[in-house]
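Side chains included, hydrogens not; waters and symmetry mates left out as well; all remaining heavy atoms used.
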Amino acid sequence: MARTHTVIASPVGDLLAVAEDGVLCGLYFEKHLRGPEPEEWGTRGDADFTEVRRQLGEYFAGERTGFDLPLAPRGNEFQQRVWHLLTQIPFGETRSYGDLARQLGDVSLAQAVGSANARNPISVIVPCHRVVGADGGLTGYAGGLERKRFLLDLEEPAARKAARLF
């Protein structure tokens, strides 16, 4: 297994992209909670991330609403199920931890969903920022709540923005 990494500039700060055998397995913010240690990044391989860089650039420019990249997040079976559900949340929408727990068939799993969500290794592309509290409020985010707010604002539909007073 060959690991490579690069750093991608973005409006939310530099993003560390990590791949295993050419497949994206991590995308982390600066000062990311639970991010990998430098010895886990692999060798620098900027050319390996051309498509990741292009799609992220389009996303941040408001030209892309979804990603089409091979992904290989590492996690247990439950985490994988939660992360898959995250990829099903439409652009510009949010879900609560309870909503995701219900999709898994057991509303009592909301806290476990939150824990899995917090360990999502592929930020932005696997959109854990689209998960909010039961009351719609922002809750913890590995990249910080300011970044979560930025991403949700970026994705907010124009009609909804126009209807807001503030």
Side-chain angles (χ1 to χ4, degrees), residues 5-19 23-36 41 46-75 79-103 110 113-166:
H5 77 278
T6 194
V7 176
I8 300 171
S10 84
V12 292
D14 288 344
L15 299 169
L16 171 68
V18 179
V23 179
L24 191 67
C25 64
L27 188 66
Y28 305 95
F29 298 105
E30 292 177 272
K31 299 179 182 170
H32 192 104
L33 297 178
R34 293 175 285 283
W41 299 357
D46 296 337
D48 298 339
F49 296 91
T50 303
E51 188 62 14
V52 174
R53 190 180 308 278
R54 182 182 71 78
Q55 289 190 29
L56 282 168
E58 292 171 355
Y59 169 80
F60 285 116
E63 301 165 355
R64 174 175 285 277
T65 61
F67 295 91
D68 181 26
L69 295 164
L71 305 175
R74 289 184 168 237
Q79 290 168 332
Q80 295 286 342
R81 289 173 58 206
V82 171
W83 300 337
H84 175 73
L85 288 178
L86 298 177
T87 66
Q88 305 305 303
I89 302 172
F91 181 90
E93 294 184 22
T94 59
R95 300 289 185 272
S96 71
Y97 299 99
D99 292 336
L100 297 177
R102 272 188 287 288
Q103 281 186 263
V113 166
S115 179
N117 194 59
R119 286 171 175 70
N120 169 26
I122 306 178
S123 298
V124 182
I125 293 171
V126 176
C128 54
H129 61 276
R130 295 181 188 156
V131 183
V132 297
D135 64 356
L138 297 188
T139 57
Y141 188 59
L145 291 181
E146 291 169 8
R147 286 185 177 119
K148 184 172 187 165
R149 171 52 54 207
F150 178 91
L151 295 170
L152 291 173
D153 287 347
L154 176 71
E155 295 183 5
E156 186 174 19
R160 194 176 319 149
K161 280 182 187 177
R164 274 194 290 142
L165 294 176
F166 302 101

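L15 has its side chain within reach of F29: a pair of non-hydrogen atoms, C-beta onward, lies under 4.5 Å apart. Between L151 and F60 there is a side-chain heavy-atom pair separated by less than 4.5 Å. Side-chain contact check for V18 versus L24: every heavy-atom pair is 4.5 Å or farther apart. A heavy-atom distance below 4.5 Å is not found between the side chains of V131 and V113. No side-chain heavy atom of V126 sits less than 4.5 Å from a side-chain heavy atom of F67.
The closest side-chain donor-acceptor pair between S123 and R147, if any, does not fall under 3.5 angstrom.
Across R34 and A118, no two heavy atoms sit closer than the pair NH2-CB, 3.2 Å. Looking at every heavy atom in both residues, L71 comes nearest to V23 through C-CG1, 3.7 Å. Nearest heavy atoms, R53 versus V7: NH1-O, 3.4 Å. Residue A110 comes nearest to A101 through the heavy atom pair N-CB, 3.5 Å, listed as atom of the first residue, atom of the second, then distance. For the residue pair E30 and D14, the shortest heavy atom distance occurs at OE1-N, 3.2 Å. Listed here is the closest heavy atom pair of C128 and Y141: SG-CE1, 3.7 Å.
A donor-acceptor pair under 3.5 Å is formed between the side chain of D99 and the backbone N or O of S96.
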Using residues 84-91 as the side-chain source, report each donor-acceptor pair under 3.5 Å to any protein atom, sequence neighbours left out, with the distance given to one decimal.
| residue | atom | partner | partner atom | Å |
| --- | --- | --- | --- | --- |
| T87 | OG1 | H84 | O | 2.6 |

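Residues that satisfy the ring pair (Phe, Tyr, Trp, His ring centres under 6.0 Å) test with Y97, not counting sequence neighbours, are absent from this structure.
Taking CD of Q80 as the start and CZ of R74 as the end, the distance is 10.0 Å to the nearest 0.5 Å. Rounded to the nearest 0.5 angstrom, T6 OG1 and L16 CG are separated by 8.5 Å. The CG atom of L100 sits 14.0 Å away from atom CH2 of W83, with the distance rounded to the nearest 0.5 Å. Interatomic distance, Y59 OH to I125 CD1, rounded to the nearest 0.5 Å: 10.0 Å. For the atom pair CD of E58 and OG1 of T65, the computed distance is 10.5 Å after rounding to the nearest 0.5 Å. From L154, atom CG reaches atom NE2 of H129 across 8.0 Å, with rounding to the nearest 0.5 Å.
Classification of E51 and R54 as a salt-bridged pair holds, one side-chain N sitting under 4.0 Å from a carboxylate O.
Residues in residues 113-141 take part in these salt bridge (Lys or Arg N to Asp or Glu O under 4.0 Å) pairs, two or more places apart or across chains: R130-E155.
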